[in-house]
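The analysis underlying the following values was restricted to heavy atoms, covering all of them including side chains, and did not include hydrogens, waters or symmetry mates. Nothing here was measured: the structure is a model prediction, and the numbers come from that model.
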Amino acid sequence: QVQPEESGGGSVQAGESLKLSCAASKYTYCLYDMSWYRQTAGKEREFVAGVDSDGNLEYAESVKDRFSLSQANAKRTLYLQMNSLKPEDTAMYYCKSVPSPRMIEFLVSKCRWDDEWGQGTLVTVSS
């Protein structure tokens with residue numbers, strides 16, 4: 001596995017929910033700063049939500065009351081629960097997983113992905 005792997009995208013109606021998953025860890029001993037970004041055609045990729053290896057959470061203003069992050073499997077899997085979806089949430093959603101600087105350099109190199117970005121999962125919200 002050379003990059004994080006997302007799943008869970010799909011097509012929903014406005015007001016519905018989706019839960020995205022990301023297999024974001026190479027090994028159980030790795031610590032990561034993990035985040036979700038999204039991108040639509042012609043626009044830059046934008047930050048959605050993230051959690052660092054200490055468990056500190058951060059959300060974009062546009063989603064903070066509707067989306068929530070969680071982790072499972074010894075923090076190897078990252079979830080993004082998206083509620084009350086809006087058409088403007090339509091985008092390709094990407095998982096980003098970066099080895100935590102808390103680890104020693106040897107572990108950082110072992111835990112680093114070939115590509116810190118996943119290939120993305122598409123979310124489409126219709127009105």
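Applying the disulfide (SG to SG under 2.5 Å) test to residues at least two apart or on different chains, none of the pairs has a partner in residues 44-73.
Taken from NZ in K19 to OG in S7, the straight-line distance is 11.0 Å, to the nearest 0.5 Å. Interatomic distance, CG of L80 versus OH of Y93, reported as 7.5 Å (0.5 Å rounding). The OH atom of Y32 lies 12.5 Å from the CG atom of L78; values are rounded to the nearest 0.5 Å. Annotation: the span from L85 atom CG to S127 atom OG amounts to 13.0 Å, rounded to 0.5 Å. Note: S53 OG to M103 CE = 8.0 Å, rounded to the nearest 0.5 Å. Distance SG/C30 to NZ/K110: 9.0 Å, rounded to 0.5 Å.
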- Could you please spell out the steps behind the side chain to side chain donor-acceptor pair (under 3.5 Å) verdict for E58 and N56? CA-CA 7 Å; E58 184 178 0; N56 298 305; over 6 Å; no
- Message: One pair to check against side-chain contact (heavy atoms from CB on, under 4.5 Å): M82 and V12. What are the steps and the verdict?
- Response: CA-CA 11 Å; M82 306 186 294; V12 297; over 6 Å; no
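Nearest heavy atom pair, residue L20 against residue W36, reads CB-CH2, 3.7 Å. When all heavy atoms of P87 and S126 are compared, the closest pair comes out as CG-C, 4.5 Å. When all heavy atoms are compared, the tightest approach of Q39 to K43 is NE2-O, 3.0 Å. Across all non-hydrogen atoms, the minimal contact from V48 to F67 is CG1-CD2, 3.8 Å. Heavy-atom minimum distance, S84 versus R66: O-NH1, 3.0 Å.
Partner of S11 under the side-chain contact (heavy atoms from CB on, under 4.5 Å) criterion, chosen from T124, V123, L18: T124.
The backbone N or O of A91 lies less than 3.5 Å from no partner atom in the side chain of T40, so there is not a single donor-acceptor pair. Side chain of R76 to backbone of S25: a donor-acceptor contact under 3.5 angstrom is found. Not one N or O on the side chain of Q3 forms a donor-acceptor pair closer than 3.5 Å with the backbone of D114. Remark: side-chain polar atoms of D33 are not paired, donor with acceptor, to backbone N or O of S100 under 3.5 angstrom. A donor-acceptor pair under 3.5 Å is absent between the side-chain atoms of Y29 and the main chain of C111, judged by distance alone. Distance alone, capped at 3.5 Å, is enough to place a donor-acceptor pair between the E6 side chain and the G120 backbone.
Crowding of Q119 atom CD: a count of heavy atoms from other residues, nucleotides or ligands under 6.0 Å not exceeding 12. Residue-environment remark: CD (E44) stays at or below the threshold of 12 foreign heavy atoms within 6.0 Å.
Ion pairing between D52 and R102 fails under the 4.0 Å rule for side-chain N and carboxylate O.
The hydrophobic cluster containing M92 also includes Y37, F47, Y94, W117, L122, under a criterion of side-chain heavy atoms closer than 4.5 Å among ILVMFWY residues, counted directly or through chains of members.
With hydrogens and angles left out, the side-chain atoms of E116 and S97 include no donor and acceptor closer than 3.5 Å.
Residues meeting the side-chain hydrogen bond (donor to acceptor under 3.5 Å, both in side chains) test with D115, sequence neighbours left out: none.
Y27 and F106 fall within the same hydrophobic cluster, where Ile, Leu, Val, Met, Phe, Trp and Tyr residues are linked whenever their side-chain heavy atoms come under 4.5 Å apart, directly or through other members.
Put simply, the side chain of M34 does not reach to within 4.5 Å of the side chain of C95, judged on heavy atoms.
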